[in-house]
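The structure appears right after this line, and notes come after that.
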Amino acid sequence: MERVLVTGAAGRIGRSVLGLLAARGVEAVALERSDPGELPAARVVTGDATDPATVRVALDGVDAVIHLAAIATPEWLPAEQVFGLNTLATFTVLEQAGLAGVRRVCLASSMAADGVPFAARELHPAYVPVDELLPSQSEDPYALSKQVDELTSATMARRHGMGIVALRLPYVGGFDERLDAFAARCAADPGENARGYWAYLETRDAARACVLALGVPGPGVEVVNVCAPETMAKEPTEELLRRYHPDAEVRAPLPGRTVPVDLSKAERLLGFTAQYRLQM
């Protein structure tokens, strides 16, 4: 891995990825809609990830891609834009990367792909720990966009012989930024993040997972859940599940604050375990 394109490079995870790549001596190209300045990248390309010409310029000399550019919630823009922009950006970046000969890609998917977090009505997982095979109940445009992104990844892996890892990320934040405040709200009211299974990931761990994903050999696509192994709630997980997801089948013991998410694939495939943990 000599040069990595990072889309959405000025975002929360993107900046952390650039910092990690720089620390490891890996050259990065940053793709952003507008250059915010001071990005630790060898080259900054301004433009939209949905534009093939812009993406082709950004891919020059690149041998791997970390695709983070996306609208991260269905709450900010009309549904058509959330779905359309997210899926078009992923298709464009993967198609152009494949045509450019890039064979290793990390894609930011979301644990919200199961449809629970942003649904207009109360939904519950069929079982816990939640794994990558959990059937989706998506009703919102963001969840649907992430499902489509994962399907697009599978198509591009076949089409171009690429190795793609789609990371299903939970709530991500830095301790000194937003994570502590959100955790405090969840501690006061566990219902605050019941739809997200009380899962979280510190920004630096998210960046490390992205970089580790580039080491997974292809071709093929792998969907992987990544989060911290404990919840951001104070109560025992099994008690929370009885209260907020009482009909979910419990398929494995969840002692203490164990997050009700199956992290075995992240450990096995990426060698990833979160290092930055909340102190509750």
Side-chain angles (χ1 to χ4, degrees), residues 1 4 6 13 16-17 20-21 24 26 63-68 90 94 102-114 116 125-136 146-147 149-158 160-172 196-232 237-238 241 248-278:
M1 189 168 61
V4 178
V6 181
I13 301 174
S16 192
V17 166
L20 181 58
L21 291 173
R24 296 188 176 189
V26 178
D63 58 3
V65 173
I66 297 176
H67 176 47
L68 303 171
T90 295
L94 296 185
V102 173
R103 294 296 176 262
R104 291 190 179 183
V105 176
C106 172
L107 166 74
S109 186
S110 172
M111 286 179 58
D114 71 3
V116 173
Y127 59 82
V128 292
V130 168
D131 61 21
E132 293 83 0
L133 299 177
L134 181 75
S136 178
K146 290 304 175 181
Q147 280 188 280
D149 282 352
E150 292 175 8
L151 288 171
T152 299
S153 297
T155 294
M156 292 301 175
R158 293 188 293 267
H160 297 296
M162 304 169 81
I164 304 172
V165 175
L167 297 179
R168 286 190 176 173
L169 300 168
Y171 184 93
V172 176
Y197 313 119
W198 309 280
Y200 73 92
L201 193 63
E202 211 276 339
T203 308
R204 290 167 290 182
D205 275 326
R208 187 165 57 88
C210 289
V211 174
L212 285 171
L214 297 181
V216 176
V221 63
E222 298 283 357
V223 177
V224 184
N225 287 328
V226 286
C227 62
E230 300 93 17
T231 69
M232 57 169 60
T237 300
E238 292 181 351
L241 289 170
E249 177 190 355
V250 180
R251 293 185 171 181
L254 295 163
R257 292 174 44 239
T258 300
V259 71
V261 179
D262 187 345
L263 301 176
S264 60
K265 190 172 183 179
E267 295 172 4
R268 182 180 72 254
L269 191 68
L270 307 182
F272 175 83
T273 302
Q275 296 177 347
Y276 299 95
R277 317 267 183 92
L278 287 165

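Position 1 is the first residue of the sequence; numbering continues from there.
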Contact summary for [X] and [Y], nearest pair of heavy atoms:
| X | Y | value |
| --- | --- | --- |
| P125 | V130 | CB-CG2, 4.1 Å |
| V259 | A199 | CG2-CB, 3.8 Å |
| M232 | L278 | CB-CD1, 3.7 Å |
| P217 | R104 | CA-NH2, 4.4 Å |
| A206 | L201 | CA-CD2, 3.5 Å |
| V105 | M162 | CG2-CE, 3.4 Å |

If we only count heavy atoms from C-beta on, is the [X] to [Y] side-chain gap below 4.5 Å?
| X | Y | value |
| --- | --- | --- |
| P170 | W198 | no |
| L68 | C210 | yes |
| V223 | R168 | yes |
| V226 | L169 | yes |
| Y197 | D114 | yes |
| T237 | V128 | no |
| H67 | L94 | no |
| L107 | V221 | no |

Test side-chain contact (heavy atoms from CB on, under 4.5 Å) on D262 and Y127 and set out the steps.
CA-CA 11 Å; D262 187 345; Y127 59 82; over 6 Å; no
Backbone N/O of [Y] and side chain of [X]: donor-acceptor pair under 3.5 Å:
| X | Y | answer |
| --- | --- | --- |
| E132 | N225 | yes |
| K146 | M111 | no |
| R257 | T231 | yes |
| S109 | A166 | no |
| Y276 | A228 | no |
| R103 | H160 | yes |

Name the one of L20, V26, V4 that satisfies side-chain contact (heavy atoms from CB on, under 4.5 Å) with V211?
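So the option named by the test is L20.
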Out of curiosity, [X] [atom1] to [Y] [atom2], how far, rounded to the nearest 0.5 Å?
| X | Y | atom1 | atom2 | result |
| --- | --- | --- | --- | --- |
| E249 | L241 | CD | CG | 12.5 Å |
| S110 | L167 | OG | CG | 11.0 Å |
| L214 | I164 | CG | CD1 | 11.5 Å |

Could you go through the side-chain contact (heavy atoms from CB on, under 4.5 Å) check for V216 and V224 one step at a time?
CA-CA 12 Å; V216 176; V224 184; over 6 Å; no
Would you mind listing every salt bridge (Lys or Arg N to Asp or Glu O under 4.0 Å) that reaches into residues 196-205, with sequence neighbours excluded?
E202-R204, D205-R208
Salt-bridge present (E230, R277; N to O < 4.0 Å)
yes
Please step through side-chain contact (heavy atoms from CB on, under 4.5 Å) for the pair E267 and T273, ending with a clear verdict.
CA-CA 6 Å; E267 295 172 4; T273 302; 3.9 Å; yes
